2 protein chains.
Amino acid sequence: MKSKYTTIIDIAKQLNISKSTVSRALTGHPNVKEHTRKAVLELASTMEYQRNSLALGFSKHTTHTVGIMVPEFMSTYFPSVIVGVQDVMQAAGYNVVICQQNESYETEVANMKLLLSYRVDGIIVSHTKETRNFDHFTLAQRRGVPLVFFNRVPEELNVPNVIVNDYEAAFQAVEHLIRIGRRRIAHLAGPDSLVNSRLRRQGYLDALKKHDIPYNPDLVLSYDLTIEKVKIYMKHFLDLATPPDALFAINDPTAIAAMEVVKAKGLRIPQDIAIVGFSNDLSAGLVYPGLTTVAQPTGEIGRMAAEMLLQELNAKVKNDYSIKKAPTTQLPTKLIIRESTVAKKK
Amino acid sequence: MKSKYTTIIDIAKQLNISKSTVSRALTGHPNVKEHTRKAVLELASTMEYQRNSLALGFSKHTTHTVGIMVPEFMSTYFPSVIVGVQDVMQAAGYNVVICQQNESYETEVANMKLLLSYRVDGIIVSHTKETRNFDHFTLAQRRGVPLVFFNRVPEELNVPNVIVNDYEAAFQAVEHLIRIGRRRIAHLAGPDSLVNSRLRRQGYLDALKKHDIPYNPDLVLSYDLTIEKVKIYMKHFLDLATPPDALFAINDPTAIAAMEVVKAKGLRIPQDIAIVGFSNDLSAGLVYPGLTTVAQPTGEIGRMAAEMLLQELNAKVKNDYSIKKAPTTQLPTKLIIRESTVAKKK
DNA sequence: CAAAAAATTGGGACCGTTCCCATGAAAAAT
DNA sequence: ATTTTTCATGGGAACGGTCCCAATTTTTTG
């Protein structure tokens, strides 16, 4: 089957010169007569020549394309990280291909194979909540494809990554709840498979300890981030003999779903129960009452991850993280206080 | 530079057979001895063979990959369409590459060239609000790459598309406002470059006409969808000598931004001003008061667009839309009534 | 003006895969 | 046993670009 695309050979034939010369003219090689170059560029334009990146990447073993894999994109967190990545990567002359896992481990493996089969030069990753096996990541590394992780970084792997101080941020969030007088603070935690979920829980525990509040296991539940379940867990909390007077939720969608349950039960936020989320999703500022949450610099996370990937790509000598420690960038968070923890003064 | 990837030639050498046989074994060609096939598959697995899609697509002129181009993805509309597209496409054995334009025409053109240079088999598109020139789309068609549009469909092009009845949906939304007794209904419209924006405005106008409400030009403003501007326009509406008692906004982010302005001014929703949005963004149900809005079947839109693209890809004879009418699929909308138009009964 | 240097161009290998065609081997039919 | 058919394999072209090397032309230099 003959392709409808114009090739450099078509151009060469028309101008009665060799394809080598056409290639040189198009790529800006210095050794081409100005007159020849002009003729080539003109014809290429009228014939709507469109370089074949497949042929190019195939022959050069480099595609100037990077992938970004995110577990989901229904909250604003990952989309805005992606925008940051695109900013930096496009400025550096790279294309960015986005893959979305729907929180499925199988899709993650499939997407990784897809990106590798298209020979991307590097990949930025945040893994799914299901991911417990990391072979697909080490495979990429063995292939010489650098990875940079963000947000969800596997402890098992020594890889460059961009994170926030989840422990500290959680600690401060819970301390804020304690400062406004809450003592029975519940925590809807994420699955233990996620490092940041474990860190946030630890921050919660240590904040309690610092303020001499005994840890009450009844008030901590880990769940799998499928939002529908929040209803069950939240009802359970509210039906306790002495229900909590505050909730620290693993993320904003969880916090918002919890708010719905609280409001449906006729309780007041924050008077009866104060609520804190995590990540400052766009909707956190829109719900009623406004949700107190830990803001993450999402755009900056994306830009930093991209910068780190560029560093890997431009390294004259490939960094070998089996022998040296991989770099980490930690970015600051900020507690955004809204009405879900502090009643508005009228 | 030698690549780190295993090739079929490596496998062939190891097994002392020809690369043709290896290829046949890997692709499942019938004419391979069971014993040989087993040996090849085993070695391929231990050597972590990863087919080179670049070489394949390059040589076969088909990549089994489709692109999807969306103008932005900070609202939940486009992400959930994308999920629908991925569902269908992955089931059909296609890969999906996502491009995001940030509402920039230049990025759109660049992304189109990127997808074409990677020789995707087809593209699903919703264009940016800036797009007024459609050459990059006709270029794809000339190259034999089928396009399917959704949501934002250029009138100038005869292309397969998936839409909702924007006119009718807007008509019903405005009629709903009239039914609850509103007469001074303002409309924050989108830019005229978008067909659906024009259709929604027409629906607004015709609903007024049907109910003998004279059209008041002071109450209609077109804007460019940069959310910060809503503040200006909304203030303008509220400062009119006789301010509107209802607002029909082009989309949910606009409506929600408008609600902020109304609330900041101390007015009550819906008592002083009722508000309706469009698309049923996730946040529409979260804001206070809940936003009445027109729900679109986003997942289904994505799935239908994918189905239509598959139809194009599988057509034995390529459809030539310069001579015949392109198919349209119209999906139903549903007006979701929340507290922003009807006060909750206590 | 001849020789050397520089600029421009052409030729062809290479990248990894598929697929067509030819060849050889085994199985089936006479 | 010989011919025919089927099955299994190998060889090599093709895809579109880049790049190295050689050949040719132009320019510079002594």
Side-chain angles (χ1 to χ4, degrees), chain A residues 1-41 43-44 47-65 113 116-119 121 143-144, chain B residues 1-41 43-44 47-65 113 116-119 121 143-144:
Chain A
M1 182 198 9
K2 196 77 194 127
S3 162
K4 287 192 187 175
Y5 288 88
T6 306
T7 74
I8 57 168
I9 301 181
D10 299 333
I11 297 177
K13 274 186 191 150
Q14 286 247 351
L15 293 177
N16 227 344
I17 56 179
S18 78
K19 63 177 180 154
S20 308
T21 305
V22 175
S23 169
R24 274 186 288 258
L26 289 172
T27 53
H29 191 98
N31 281 6
V32 184
K33 234 186 205 155
E34 203 40 57
H35 171 256
T36 315
R37 182 190 307 280
K38 212 175 138 238
V40 170
L41 291 182
L43 187 59
M47 291 180 79
E48 295 185 314
Y49 170 76
Q50 184 64 62
R51 78 133 39 107
N52 184 333
S53 295
L54 295 175
L56 210 164
F58 163 55
S59 118
K60 301 251 291 179
H61 292 294
T62 170
T63 52
H64 265 263
T65 301
K113 296 217 162 138
L116 290 183
S117 86
Y118 274 101
R119 301 297 191 260
D121 293 347
R143 291 289 177 259
Chain B
M1 179 197 13
K2 198 74 196 128
S3 160
K4 288 193 188 174
Y5 288 87
T6 306
T7 73
I8 57 168
I9 299 181
D10 299 334
I11 297 177
K13 275 187 189 149
Q14 287 248 350
L15 294 177
N16 230 341
I17 56 179
S18 77
K19 61 181 176 148
S20 307
T21 304
V22 175
S23 169
R24 273 186 289 259
L26 290 172
T27 53
H29 190 98
N31 282 4
V32 184
K33 231 186 206 158
E34 203 40 55
H35 171 257
T36 316
R37 181 190 308 279
K38 211 176 140 236
V40 170
L41 292 182
L43 187 58
M47 291 180 79
E48 294 184 317
Y49 169 76
Q50 185 64 63
R51 75 132 43 105
N52 185 332
S53 296
L54 295 174
L56 209 164
F58 164 54
S59 128
K60 299 251 293 179
H61 293 294
T62 170
T63 53
H64 265 263
T65 301
K113 295 216 161 138
L116 290 183
S117 87
Y118 273 101
R119 303 296 191 259
D121 293 348
R143 290 289 177 260

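Proteins come first, then strands; the chains are lettered A, B, ... in the order of their sequence lines, and each starts at number 1. Not measured: the values here are computed from a predicted model.
- Taking only side-chain nitrogens and oxygens, A:Lys60 never comes nearer than 4.0 Å to OP1 or OP2 of D:dG16.
- Taking side-chain N and O atoms only, B:Ser23 has a distance below 4.0 Å to OP1 or OP2 of C:dT18.
- In this structure, OG1 in B:Thr21 is found 12.0 Å from CD1 in B:Ile11, a value given to the nearest 0.5 Å.
- Rounded to whole angstrom, the span from the NE2 atom of A:His61 across to the C1' atom of D:dG16 amounts to 15 Å.
- Look at CZ on B:Phe58: it is 4 Å from C1' on D:dG16, rounded to the nearest Å.
- In this structure, CG in A:Leu26 is found 13.0 Å from NZ in A:Lys19, a value given to the nearest 0.5 Å.
- Side-chain contact between A:Tyr49 and A:Asp10 is absent, with no heavy atoms from C-beta onward closer than 4.5 Å.
- Using a distance-only test at 3.5 Å, with no hydrogens or angles considered, a donor-acceptor pair links the side chain of B:Thr63 to the main chain of B:Arg119.
- Minimum heavy-atom separation, B:Tyr118 to A:Thr65: OH-OG1, 2.7 Å.
- Terminal axes of the helix from C:dC1-D:dG30 to C:dT30-D:dA1 (five pairs each, C1' rotation axis) are separated by 40°, to the nearest 10°.
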- Item | Letter per nucleotide, 5' to 3', of nucleotides 7-12 of chain D [B base touched, S only sugar-phosphate touched, - untouched; heavy atoms, 4.0 Å] | -BBBBB
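- Look at CD1 on A:Ile8: it is 11 Å from C1' on D:dC19, rounded to the nearest Å.
- DNA chain C lies under 4.0 Å from at least one heavy atom of each of the following residues of residues 49-57 of chain B: B:Tyr49, B:Arg51, B:Asn52, B:Ala55.
- Among all heavy-atom pairs drawn from A:Ser117 and B:Gln50, the shortest one is CB-NE2, 4.0 Å.
- Atom NE2 of A:His64 and atom P of D:dG17 are 17 Å apart (whole Å).
- The distance from atom OH of A:Tyr5 to atom P of D:dG17 is 12 Å, rounded to the nearest whole Å.
- A pairwise comparison of heavy atoms in B:Arg24 and B:Arg37 identifies O-NH1, 3.9 Å as the closest pair.
- Closest approach of B:Gly57 to A:Leu54, counting heavy atoms only: C-CD1, 3.7 Å.
- Across every non-hydrogen atom of A:Met47 and B:Arg143, the tightest pair is O-NH2, 3.5 Å.
- The two atoms that bring B:His64 and B:Asp121 nearest to each other are N-OD2, 2.8 Å, heavy atoms only.
- You'll find the side chain of B:Leu15 reaches within 4.5 Å of the side chain of B:Val40, heavy atoms only.
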